[in-house]
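First the structure, in the form of structure tokens, and then the observations on it.
We're numbering straight along the sequence, starting at 1.
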Amino acid sequence: MSELSPRRRLLVLAICCMSLLLVSLDNTVLNVALPSLQKDLDASTSGLQWTIDAYTLVLASLLMLAGSTADRIGRRRVFTAGLVVFTLGSLLCSLAPDLEALVAFRMVQAVGGSMLNPVAMSIITNTFTDPRERARAIGAWGAVVGLSMAAGPLVGGLLVDSVGWRSIFWINLPVGLAALVLTLRFVPESRAPKARHADPVGQLLVIALFGSLTYAIIEAPHASLSTTVPFGAVALASLVALLRYESRRHEPLIDLRFFRSAPFSGATVIAVSAFASLGGFLFLSTLYLQNVRGLSALEAGLWMLPMALPTFLCAPLSGRLVGNRGPRLPLLIAGGAMTAAGLLFALFEAETSNATLVVGYVLFGVGFGFVNAPITNTAVSGMPRAQAGVASAVASTSRQLGQALGVAVIGAVLAAGVGSSSYAESFTEASRPGWWILTACGLAVLVVGAATSGRWARATARRTAERLESAEIREAAGADA
């Protein structure tokens with residue numbers, strides 16, 4: 001891809017951010033609509049979990065395939081296809097007659113979404129070649145997550161209260177169409193110099209691993225051991241087979257050599273932990289505000305602003321810090337703030353007091369605002385540009401897998417603890433283990449961030465990048481010969 005003018009680069013960044021807004025806004029809007037959807041479709045807690053996790057699971061399963069496919073056949077081509085499928089899926093979701101159809105159409109949405117975020121990040125990586133410019137661009141990219149968190153609850157609450165939960169999918173239609181037109185007009189085509197071959201076996205193993213693990217967790221409170229244990233066994237067998245198969249494949253779906261870089265491995269663990277915390281936090285907060293406090297969807301959205309606004313404000317600051325000083329400080333701030341927020345709810349029942357509820361939301365918003373930029377920048381900055389699609393797809397997969405597991409685990413804990421006599425009375429006690437799990441996720445961000453951002457970690461990243469580049473040179477020389 002030829003060098004673009006500064007104005008054109010910013011335009012490409014804006015278009016890519018529109019795709020992130022689509023995918024991120026969809027989840028935050030839907031969280032606010034869960035209680036309304038629960039009443040309208042007579043959904044159980046596990047049903048609510050599946051409306052979220054069906055989407056995030058398909059995303060997590062297909063992101064790496066989408067990233068490698070985009071590197072092979074063209075990033076703009078795959079990105080455009082993703083916009084079309086996602087917009088169509090949104091239309092179908094708004095017409096869903098029952099919970100089963102909604103879950104199925106959410107999976108259609110996710111097929112399109114899997115072609116957006118990792119491909120957009122690959123486009124950004126190849127557009128902004130200067131490391132500092134790229135870090136700032138990624139900071140702006142992360143700010144869009146904050147924007148979706150700020151706008152999602154408010155827009156979703158307003159739509160749910162005035163029109164109904166189906167209308168939350170309508171907002172994707174104009175944004176998706178506008179992004180499609182702008183992409184065709186302004187985003188240049190690009191692809192990796194050396195195309196990677198498809199890996200259908202690895203893809204099937206990833207789907208089996210993610211799907212069976214999430215099913216076992218979500219259904220554990222309701223199903224017998226004879227039902228859930230086989231799915232757990234399938235997940236374990238899929239993981240073992242995936243590691244063995246991918247390590248022996250010449251062009252694997254997941255290049256395990258990436259994980260020799262301590263910062264890359266750390267970014268993967270941090271992404272899973274941070275987004276598990278986000279998924280569980282939103283799930284608990286939405287159900288508490290509406291089902292326990294009895295607030296409307298719009299009132300619940302307003303209450304979540306103290307979490308959303310710090311995320312929006314801190315994300316670009318995190319990007320600048322990563323560009324100027326590296327990822328260590330943003331990760332320490334993120335882990336510390338998220339751990340403090342979890343402790344506030346776990347130890348002091350922060351949700352039962354207005355003042356502590358706001359403080360807990362602010363702390364979590366600050367932590368989550370600082371975590372996104374170092375994850376993304378670390379995942380792609382140490383890798384050869386030809387591998388940008390695959391590396392960013394692994395980072396995006398970690399995010400979606402984390403969010404799916406967060407909703408699955410927290411929802412399962414909640415479903416197991418809430419009594420049948422009084423939902424409101426038992427919710428606070430039933431949610432306590434969930435808050436401790438979210439505290440552990442924040443602590444993981446803090447500890448892993450500190451451990452994988454030092455000098456020795458950066459040395460492993462340099463060695464990994466050199467080995468990958470040397471391998472590419474040898475492979476290219478062999479192909480020419």
Does any part of the side chain of [Y], heavy atoms only, come nearer than 4.5 Å to the side chain of [X], both counted from C-beta?
{"X": "Cys17", "Y": "Leu21", "result": "no"}
{"X": "Thr214", "Y": "Gln49", "result": "no"}
{"X": "Phe79", "Y": "Ser19", "result": "yes"}
{"X": "Ile270", "Y": "Ser273", "result": "no"}
{"X": "Asn172", "Y": "Thr87", "result": "no"}
{"X": "Val206", "Y": "Leu65", "result": "no"}

Test side chain to side chain contact (heavy atoms under 4.5 Å, CB included) on Thr56 and Phe275; report intermediate values, then the result.
CA-CA 11 Å; Thr56 53; Phe275 278 77; over 6 Å; no
Indicate yes or no for a side-chain donor-acceptor contact from [X] to the backbone of [Y] under 3.5 Å, with no hydrogens or angles considered.
{"X": "Glu189", "Y": "Arg75", "result": "yes"}
{"X": "Glu246", "Y": "Leu253", "result": "yes"}
{"X": "Arg76", "Y": "Val187", "result": "yes"}

Among residues at least two apart in sequence or on other chains, which ones pass salt bridge (Lys or Arg N to Asp or Glu O under 4.0 Å) with Arg244?
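Residues passing salt bridge (Lys or Arg N to Asp or Glu O under 4.0 Å) with Arg244: none at all.
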Is there a side chain to side chain contact (heavy atoms under 4.5 Å, CB included) between Leu99 and Leu37? Walk through the geometry before answering.
CA-CA 9 Å; Leu99 181 67; Leu37 187 151; 4.2 Å; yes
Which residues pass the side chain to side chain donor-acceptor pair (under 3.5 Å) test with Glu219, not counting sequence neighbours?
Trp50
Determine which pairs satisfy salt bridge (charged side-chain N to carboxylate O under 4.0 Å, His left out) with at least one residue from residues 102-111, sequence neighbours left out, and list them in order.
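Counting only pairs at least two positions apart or across chains, the salt bridge (charged side-chain N to carboxylate O under 4.0 Å, His left out) contacts touching residues 102-111 are Asp26-Arg106.
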Before you tell me yes or no, could you show the steps for Phe283 and Thr45 under side chain to side chain contact (heavy atoms under 4.5 Å, CB included), namely the whole-Å CA-CA distance, both residues' side-chain angles and the distance that decides it to 0.1 Å?
CA-CA 10 Å; Phe283 193 80; Thr45 299; 4.2 Å; yes
Step by step, work out the side chain to side chain contact (heavy atoms under 4.5 Å, CB included) result for Phe281 and Leu278.
CA-CA 5 Å; Phe281 200 99; Leu278 174 67; 5.6 Å; no
Tell me whether the rings of Phe364 and Phe368 are parallel (<30°), tilted (30 to 60°) or perpendicular (>60°).
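Parallel.
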For the pair Tyr215 and Phe231, name the ring-plane relationship: parallel under 30°, tilted 30 to 60°, perpendicular over 60°.
tilted
